[in-house]
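I have placed the structure first, in the form of structure tokens, so that the comments after it can refer back to it.
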Amino acid sequence: PFQISQSISNNLWLLLCVKLGLVVIFNAIPEVVHQRRLDGISALLAAAKFIRDNWIEWFFPLAVLAAPLLLLFPIDFLMVLASSEPLLPVLIIIKSWQPLEAAAHQAGTLIALAGLVLGHWFMLFRAHLFNELEGGNRRKRIYQAGLQ
């Protein structure tokens with residue numbers, strides 16, 4: 001019985017790691033679908049290429065938003081991140097506020113509303129950032145910044 005439960009636990013962690021990898025690799029799918037009007041395999045390939053070329057600039061804002069939650073609730077946040085949907089990355093932000101909502105049950109509606117507002121702002125920010133990063137590579141952006 002112990003080995004069976006340990007095997008299930010190991011399989012669950014493996015599944016969560018695979019899902020976390022998919023969330024990271026295909027994180028830009030909503031922007032690729034919305035702004036470049038791609039779908040299917042071409043959208044997946046374009047999103048993976050975009051992440052490969054711009055991973056520092058793309059994930060830095062997410063890291064800034066996620067750092068406090070990761071420090072406060074490391075296991076809960078990683079579980080939420082791994083179980084999120086790559087097509088709806090804003091769910092990461094909304095779901096990650098749930099431990100705070102449980103801690104402050106009286107203000108649960110306000111915390112959920114704050115999570116929705118923050119999630120909406122973050123998706124607008126992502127759309128603008130995608131548009132800026134899609135225009136060229138890192139070297140070209142550094143060169144253009146030096147000209148100004």
Side-chain angles (χ1 to χ4, degrees), residues 9-148:
S9 176
N10 289 342
N11 289 341
L12 180 64
W13 277 106
L14 179 63
L15 178 65
L16 287 175
C17 288
V18 168
K19 288 178 89 175
L20 182 61
L22 290 174
V23 167
V24 169
I25 293 170
F26 300 121
N27 194 271
I29 284 180
E31 289 76 19
V32 167
V33 169
H34 182 260
Q35 292 188 20
R36 292 185 57 195
R37 306 280 191 234
L38 296 175
D39 61 355
I41 297 295
S42 58
L44 294 174
L45 293 174
K49 182 183 180 305
F50 175 81
I51 293 297
R52 184 193 69 204
D53 294 342
N54 302 295
W55 66 273
I56 294 173
E57 297 90 344
W58 187 252
F59 288 117
F60 183 74
L62 180 62
V64 168
L65 281 177
L69 294 168
L70 187 59
L71 292 174
L72 290 173
F73 310 103
I75 300 298
D76 292 334
F77 183 75
L78 290 176
M79 294 291 273
V80 167
L81 185 64
S83 65
S84 69
E85 295 292 326
L87 291 177
L88 294 171
V90 73
L91 288 179
I92 295 169
I93 296 169
I94 295 169
K95 286 182 179 180
S96 64
W97 284 71
Q98 287 177 347
L100 292 176
E101 185 178 346
H105 187 50
Q106 297 83 5
T109 305
L110 292 175
I111 290 175
L113 183 62
L116 288 171
V117 169
L118 182 62
H120 183 74
W121 173 84
F122 190 66
M123 288 304 289
L124 291 174
F125 174 79
R126 281 173 54 110
H128 177 71
L129 181 62
F130 180 83
N131 194 25
E132 290 293 319
L133 294 176
E134 188 67 19
N137 59 17
R138 188 174 295 126
R139 177 184 267 173
K140 182 179 176 184
R141 286 190 300 273
I142 292 171
Y143 177 74
Q144 288 175 342
L147 291 178
Q148 294 175 355

Verdict with reasoning, His128 to Glu31, per side-chain contact (heavy atoms from CB on, under 4.5 Å): CA-CA 9 Å; His128 177 71; Glu31 289 76 19; over 6 Å; no
Atom pairs and distances, donor-acceptor, side-chain atoms in residues 42-49, under 3.5 Å, two or more places apart:
residue : atom : partner : partner atom : Å
Ser42   : OG   : Asp39   : O            : 2.8
Lys49   : NZ   : Asp53   : OD2          : 3.0

Stepwise side-chain contact (heavy atoms from CB on, under 4.5 Å) check, Lys19 with Leu15: CA-CA 6 Å; Lys19 288 178 89 175; Leu15 178 65; 4.2 Å; yes
Enclosure of Trp55 CH2 (heavy-atom neighbours >12, cutoff 6.0 Å): no
Phe59 side chain near Val24 side chain, heavy-atom distance below 4.5 Å: yes
Closest contact, heavy atoms only, Pro30 versus Met123: CB-CE, 4.3 Å
Minimum-distance pair of heavy atoms, taken over all atoms of Arg37 and His34: NH1-O, 2.7 Å
Ring geometry between Phe50 and Phe130 (parallel below 30°, tilted from 30 to 60°, perpendicular above 60°): tilted
Close side-chain approach of Arg126 to Asn27, heavy-atom, < 4.5 Å: yes
Contact check, side chains of Glu132 and Glu57, non-hydrogen atoms, under 4.5 Å: no
Residue Leu124 excluded, over 12 heavy atoms near CG under 6.0 Å: yes
